[in-house]
There are 2 protein chains.
Amino acid sequence: MLAEERRFRIREILSGQRTITASDLCAALGVTAATVRRDLAALEQDGVLVRSHGGAVSRMSSTNFQPSYETLSHSHSNEKHAIARAAAHLVLDGETVFLEGSTTVFELARGLNQRNRLTVVTNSPTIVCQLQRSSGVTVLCTGGDLQKDTFYFSGEWAQRALSEIRLDKAILGVSAIDLSYGVSTANHAEAQIKKMITRAAKTRIALADHSKFGTQSFAYVGPVADIDVLVTDSGTDPKYIKGLREAGVEVVVAECQETQKGPAKRTHSHK
Amino acid sequence: MLAEERRFRIREILSGQRTITASDLCAALGVTAATVRRDLAALEQDGVLVRSHGGAVSRMSSTNFQPSYETLSHSHSNEKHAIARAAAHLVLDGETVFLEGSTTVFELARGLNQRNRLTVVTNSPTIVCQLQRSSGVTVLCTGGDLQKDTFYFSGEWAQRALSEIRLDKAILGVSAIDLSYGVSTANHAEAQIKKMITRAAKTRIALADHSKFGTQSFAYVGPVADIDVLVTDSGTDPKYIKGLREAGVEVVVAECQETQKGPAKRTHSHK
DNA sequence: GTCAATTTGTTTGTTTATGATCGATTTTGA
DNA sequence: TCAAAATCGATCATAAACAAACAAATTGAC
């Protein structure tokens, strides 16, 4: 086998999964650890991956494109997974959906890779990268100015793109939700974009884990009644769920399945 | 068997598979390794394939899993690095530049992370991700439809965004350049975008390693005179450089500086 | 036919890729 | 905290692939 072919295979594997161990690669490629290490070093030089003890992490599949998000995603990650999984069921093949950049929505995007005839519009480069190789998903991006803190696009180009489309569904992360004040967010530009997404979509799906409830943030987005479906986790206070349902919001409570991990094949996240 | 016939067979084989080993070709064509190597060298010069130790990788395989530009990034990486480094010097702090998605340009983007007051516009999500953490660089993205084969944005949104801006400099990867035919590319949408970038920029900088010269591709972009500065590597045939300069193009030849490699360095001047 | 130009095969020495070995380092588990 | 296990980086040996020079075969022109 050509060395180039081998490295291509490693890229392939890393496009399907975020991490890979060196010993797995030895087995998969039929070469010794020394060769695998050399390949990984070369690919790291190319910026394809980042090596870590025992294997490597993909740089192209974008979770580690955003350090701030990654640190965030560790907290409540079980809940986020459950919410993302539940919300993914609400997206049907053949639909056109907007995915707004946020950790939970990104989690959801990963689950859409195998879909067919799905059209995804997003303002998040991370989500674009995540879906780049899924052959069954058409990806559009609004473009715009990149916000360095939140890592998605806003500004005139993004707004105009949003003003020109109509979507079956929009999926939004929510950073603060309060029954009386409604939905709010820390960033003015983000609020503006969220408002426009809300206007463009027939069905508005909001994702919020239990820590977001009863909080208010700087920039107002809209009343809770603007939300059609809200997906949250089982840790949410029932009074919020009741209040939302009274306001006409369909609430989906995602159950965290398998609380204890079995023979976990997780990569170590220590630094 | 005629040499021409043999090389055609190699092209045929490579249209069906992404890689081929030299020994397989010896067996398939009934010639010695020396002849195969000569054929591969000729086909590489034509831009049909890229040689790698033990065989060659097709450059035409867009049917394949990954965009070829990503696959090829490691071959010629020395030249690409040199070109990217030289081109980065042409970008000055305070300017507004367009970076068009291609491996070499991506390489360049990595070198811009430390800049100050730089504004980068791009149609490549990869470049967006590359520059996301650089505090001194403002990033804008055209948005648009994501091309699954080449991995950048095109389409109406991208075109309109480009029609509304004026840039100090545009940096474009070139996939095929011929003195008489001009610049061309394999993809119609890409050609369209390249034309618009050319129109929007005051100074047009093209990056092309030596393998791109003397080749033609499907979609016409424009005459070589549209290029203001062309950066290439030292492996380019002087006749092309002379021709470009006669056409009014400023040509920069990037020298591959010998890096950490050992002392045994010999200069075998290619042709 | 001869002769020159081209192409192909062969030889030779060099370079590259790979696997094995050996300490050094890191991780893991007690 | 320590010790065992795994992984790493560096180095070396070997075999394959390489470039270059040369020789042999082929081709085409005269």
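These numbers come from the heavy atoms of this one structure, side chains and all, not from hydrogens, waters or symmetry mates. The structure presented is a predicted model; accordingly, all values stated were derived computationally and were not measured. In the text below, chain A, chain B and the rest are named by the order of the sequence lines, each starting its count at 1.
The nearest heavy atom of DNA chain C to B/Val31 and to A/Val36 marks one nucleotide each, and the one closer to the 5' end goes with B/Val31.
In this structure, the nucleotide among D/dC18, C/dG19, D/dT7 sitting nearest to the side chain of A/His53 is D/dT7. Side-chain proximity of A/Ala3 to D/dA17, C/dT18, C/dG9: nearest is C/dT18.
The base of D/dG9 does not come close enough to the side chain of A/Arg38 for any donor and acceptor atom to sit less than 3.5 Å apart. The base of D/dA19 lies close enough to the side chain of B/Arg37 for a donor and an acceptor atom to sit less than 3.5 Å apart.
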Could you list the donor-acceptor pairs under 3.5 angstrom formed by side chains in residues 172-180 of chain B, with sequence neighbours left out?
| residue | atom | partner | partner atom | Å |
| --- | --- | --- | --- | --- |
| B/Ser175 | OG | B/Ser184 | O | 3.4 |
| B/Ser175 | OG | B/Thr185 | OG1 | 3.1 |
| B/Asp178 | OD1 | B/Ser180 | N | 3.1 |
| B/Asp178 | OD1 | B/Ser180 | OG | 2.9 |
| B/Asp178 | OD1 | B/Tyr181 | N | 3.0 |

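For the OP1/OP2 pair of C/dT8 and a distance below 4.0 Å, the side-chain nitrogens and oxygens of B/Thr35 include no atom meeting the criterion. For A/Arg6 and C/dT18, the shortest distance from a side-chain N or O to OP1 or OP2 is below 4.0 Å. When the side-chain nitrogen and oxygen atoms of A/Arg51 are compared with OP1 and OP2 of C/dT26, none of them lie within a distance under 4.0 Å.
Applying the side-chain hydrogen bond (donor to acceptor under 3.5 Å, both in side chains) test to B/Asn113 and every residue at least two apart in sequence or in another chain returns nothing. Qualifying salt bridge (charged side-chain N to carboxylate O under 4.0 Å, His left out) partners for A/Arg37, counting only residues two or more places apart in sequence or in other chains: none. A/Arg38 is linked by a salt bridge (charged side-chain N to carboxylate O under 4.0 Å, His left out) to nothing, counting only residues two or more places apart in sequence or in another chain. Among residues two or more places apart in sequence or in another chain, the side-chain hydrogen bond (donor to acceptor under 3.5 Å, both in side chains) test is passed with B/Thr104 by none.
Closest approach of A/Val36 and A/Ala22 over heavy atoms only: CG1-O, 4.0 Å.
Per the geometry, CG belonging to A/Leu25 stands 12 Å off P belonging to D/dT7, to the nearest Å. Here C/dT6 presents its C1' atom at 15 Å from CD of B/Glu4, a figure rounded to the nearest Å. Rounding to whole angstrom units, CD of residue B/Glu5 and P of D/dT26 are separated by 19 Å. Whole-Å rounding puts the A/Met1 CE to C/dT16 P distance at 23 Å. Spacing between atom CG of B/Leu2 and atom P of D/dA25 amounts to 20 Å, rounded to whole angstrom units.
Axis deviation across the helix from C/dG1-D/dC30 to C/dA30-D/dT1 amounts to 40°, comparing end segments of five pairs, rounded to 10 degrees.
Salt bridge status for A/Glu5 with A/Arg9: absent, with no side-chain N to carboxylate O gap under 4.0 Å.
Within the 4.0 angstrom heavy-atom criterion, no nucleotide atom of any strand lies near B/Thr21.
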